[in-house]
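Okay, so here's the structure we're looking at.
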Amino acid sequence: NRGRCMGTVIWQLNDCWPVASWSSIDYCGRWKALHYYAKRFFAPLMLSCAEEGILTQDTNPNAEPYHVRKSIHLNVANETMSDQEVTVRYALRNADGEILREGSVSLTVPALSSRWLSKEDMEDAELYSNYVSYEMETEGKVISGGSVMFCAPKHFRFHDPKMRVRAEGNELVVTASAYARSIEIINEDDDMLLEDNYFDMNGGERRIRIVRGNPTGLKVRSIYDIRYMRTWIIMENTRKYICTGQVLRGTGAVQRSCTAPVPLNTLVNRSAMQNGCKPFFGIYMIIDRIVNRCYTVTITKAKRGNHYVL
């Protein structure tokens, strides 16, 4: 029904007063993450990906083990008035952004149409530590792209991308040593408008043009910083755990921090205390990353041999 039924009504574009809302532009005219994403998914020439993974099958974390089908299905949408010749590339990568295997295809997409590419099987992908990047190039320039995972982002085993950002003239230079998802860049006054923001990187370097604002007091973060902020990685034998670091004492919760992974018994071992390690008494929430279940552990002052009671 093109010509009779077409177009999009956005609700809502902006705010008429300072408020937390579902708008894509806030009261001060600052772009939220949604508006940067809208710029991509309303682009005249766009590459998108329909992935198959846990989120398209059974998202119940307590479900019986089952085989997770993994695949990608790429689509090129051409909303321009002319035919477009494009090259599409995809790559299966590990959490460091290293390519495990890749593929590409060149095609012509007629005006005002979309074209599905062949579905690509990804059964060899590791569920929690592999992802797929994809991009589309035309006339030697990458104009669209992104990445998909086969699990929920909160379960993906991100590596620290060690991100850095610096200003060079009217551009920002962003560097990462590993896969970084939904990268956010803000300045001290949080009023900077960029050519792109909340984007993904496979590692390496990317330059972003500054449209408006002063690049002072720059800050950069990604999903990794949200996922692992103020957590402990605690190991017991070969099983891996995450401790939230919330110690319940009296009427409040005290946030603790740890600079490096430690054995679980280091928190409660008396001999370890003699070497400068002190036990943190209280109640901890422990997350088992292997089976994706939670446990509550209480460290008390009662002693059993050389160990405090768990």
Audit row: W31, Y36, ring-ring contact (aromatic ring centres under 6.0 Å, His included) steps and yes/no: CA-CA 7 Å; W31 287 24; Y36 285 100; 5.0 Å; yes

Intermediate values then yes/no, side chain to side chain contact (heavy atoms under 4.5 Å, CB included), I185 and V174: CA-CA 9 Å; I185 308 170; V174 187; 3.5 Å; yes

Derivation and outcome, side chain to side chain contact (heavy atoms under 4.5 Å, CB included), residues V132 and M122: CA-CA 9 Å; V132 172; M122 293 289 166; 4.1 Å; yes

Side chain to side chain contact (heavy atoms under 4.5 Å, CB included) between Y27 and V19, worked out: CA-CA 8 Å; Y27 175 74; V19 66; over 6 Å; no

T87/L107 under side chain to side chain contact (heavy atoms under 4.5 Å, CB included): CA gap, chis, key distance, verdict: CA-CA 6 Å; T87 298; L107 68 156; over 6 Å; no

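With sequence neighbours excluded, the residues that form a ring pair (Phe, Tyr, Trp, His ring centres under 6.0 Å) with W116 are H73. Every salt bridge (Lys or Arg N to Asp or Glu O under 4.0 Å) that E137 has, sequence neighbours left out, goes to R89. For D124, the side chain to side chain contact (heavy atoms under 4.5 Å, CB included) partners two or more places apart in sequence, or in a different chain, are L92, R101. With sequence neighbours excluded, the residues that form a side chain to side chain contact (heavy atoms under 4.5 Å, CB included) with W11 are W22. In terms of the salt bridge (Lys or Arg N to Asp or Glu O under 4.0 Å) criterion, residue partners of R206 (sequence neighbours excluded) are, by chain and number, D196. Remark: S133 engages A91, R93, Y131, N202 in a side chain to side chain contact (heavy atoms under 4.5 Å, CB included) (not counting sequence neighbours). By the side-chain hydrogen bond (donor to acceptor under 3.5 Å, both in side chains) test, R212 pairs with no residue at all, sequence neighbours left out. Remark: R69 engages E52 in a salt bridge (Lys or Arg N to Asp or Glu O under 4.0 Å) (not counting sequence neighbours). In this structure T8 satisfies the side-chain hydrogen bond (donor to acceptor under 3.5 Å, both in side chains) test with no other residue, sequence neighbours excluded. Take E123 and apply the salt bridge (Lys or Arg N to Asp or Glu O under 4.0 Å) test, not counting sequence neighbours, and it matches no residue. Shown here are the side-chain hydrogen bond (donor to acceptor under 3.5 Å, both in side chains) partners of T80, two or more places apart in sequence or in another chain: N78, Q84.
The pair E51-K70 does not count as a salt bridge, with every side-chain nitrogen at least 4.0 angstrom from each carboxylate oxygen. With respect to the salt-bridge test (charged N to carboxylate O, under 4.0 angstrom), the residues R207 and E171 qualify. Salt-bridge check for D26 with K32: failed, with every basic side-chain N at 4.0 Å or more from each acidic carboxylate O.
Distance alone, capped at 3.5 Å, is enough to place a donor-acceptor pair between the N187 side chain and the N214 backbone. The backbone N or O of D96 lies less than 3.5 Å from a partner atom in the side chain of N94, making a donor-acceptor pair. Side chain of D189 to main chain of D191: no donor-acceptor pair is present (N/O by atom type, distance under 3.5 Å, no hydrogens or angles). The main-chain N or O of R209 is found under 3.5 Å from a side-chain atom of E195 such that the two form a donor-acceptor pair. Not a single donor-acceptor pair under 3.5 Å links the side chain of S129 to the backbone N or O of E126. The main-chain N or O of A38 is never found under 3.5 Å from a side-chain atom of S24 such that the two would form a donor-acceptor pair.
Counting only N and O atoms by type, the side chains of Y90 and E120 include a donor and acceptor under 3.5 Å apart. In summary, the side chains of D15 and S23 do present a donor paired with an acceptor at a separation below 3.5 Å, with no hydrogens or angles considered.
Closest approach of E79 and L112 over heavy atoms only: O-CD2, 3.8 Å. Taking all atoms of both residues into account, the shortest heavy-atom contact from Y66 to D58 is OH-O, 2.6 Å. Minimum interatomic distance between Y134 and C49 (heavy atoms only, all atoms of both residues): CE2-CB, 3.6 Å. For the residue pair E102 and I99, the shortest heavy atom distance occurs at OE1-CD1, 3.7 Å. Residues A178 and A95 come closest through the heavy atom pair CB-O, 3.6 Å. Residue N197 comes nearest to I183 through the heavy atom pair OD1-O, 3.2 Å, listed as atom of the first residue, atom of the second, then distance.
Atom CG of residue N170 and atom CD1 of residue I208 lie 12.0 Å apart, to the nearest 0.5 angstrom. Atom CD1 of residue I223 and atom OG of residue S182 lie 4.5 Å apart, to the nearest 0.5 angstrom. Atoms CD and CG, on Q57 and L55 in that order, are 9.5 Å from each other to the nearest 0.5 Å. The CG atom of D190 sits 11.0 Å away from atom CD of E188, with the distance rounded to the nearest 0.5 Å. Here the CD-CZ distance, from E184 to F199, works out to 11.0 Å after rounding to the nearest 0.5 Å. Taking CD of E205 as the reference point, atom OG1 of T175 lies at 7.0 Å (rounded to 0.5 Å).
Annotation for F41: atom CZ counts as buried by contact number, over 12 foreign heavy atoms lying within 6.0 Å. In this structure, E139 places its CD atom where only 12 or fewer heavy-atom neighbours from other residues, nucleotides or ligands lie under 6.0 Å away.
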Under 3.5 Å donor-acceptor pairs involving side-chain atoms of residues 142-153, not counting sequence neighbours:
| residue | atom | partner | partner atom | Å |
| --- | --- | --- | --- | --- |
| S144 | OG | L47 | N | 3.0 |
| S147 | OG | Y179 | OH | 2.8 |
| S147 | OG | R181 | NH1 | 3.2 |
| S147 | OG | D200 | OD2 | 2.6 |

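When hydrophobic clusters are built by joining Ile, Leu, Val, Met, Phe, Trp and Tyr residues whose side-chain heavy atoms come closer than 4.5 Å, directly or via intermediates, Y224 is not grouped with V165. Follow the hydrophobic side-chain contacts under 4.5 Å out from F158 and you never reach M163; the two are in separate clusters. A single hydrophobic cluster is not seen to contain both V173 and L193; linkage of ILVMFWY side chains at heavy-atom distances under 4.5 Å, directly or through other members, places them apart. V211 is connected to L218 through a chain of hydrophobic side-chain contacts under 4.5 Å among Ile, Leu, Val, Met, Phe, Trp and Tyr, so both are in one cluster. L194 and I186 fall into different hydrophobic clusters, where Ile, Leu, Val, Met, Phe, Trp and Tyr side chains are chained together by heavy-atom contacts under 4.5 Å.
You'll find the side chain of V76 reaches within 4.5 Å of the side chain of V88, heavy atoms only. The shortest distance between side-chain heavy atoms of N75 and L117 does not fall below 4.5 Å. Side-chain contact check for D83 versus V109: every heavy-atom pair is 4.5 Å or farther apart. Side-chain contact between M201 and P161 is absent, with no heavy-atom pair separated by less than 4.5 Å.
Between Y128 and H155, the two ring planes are perpendicular [angle over 60°; tilted spans 30° to 60°].
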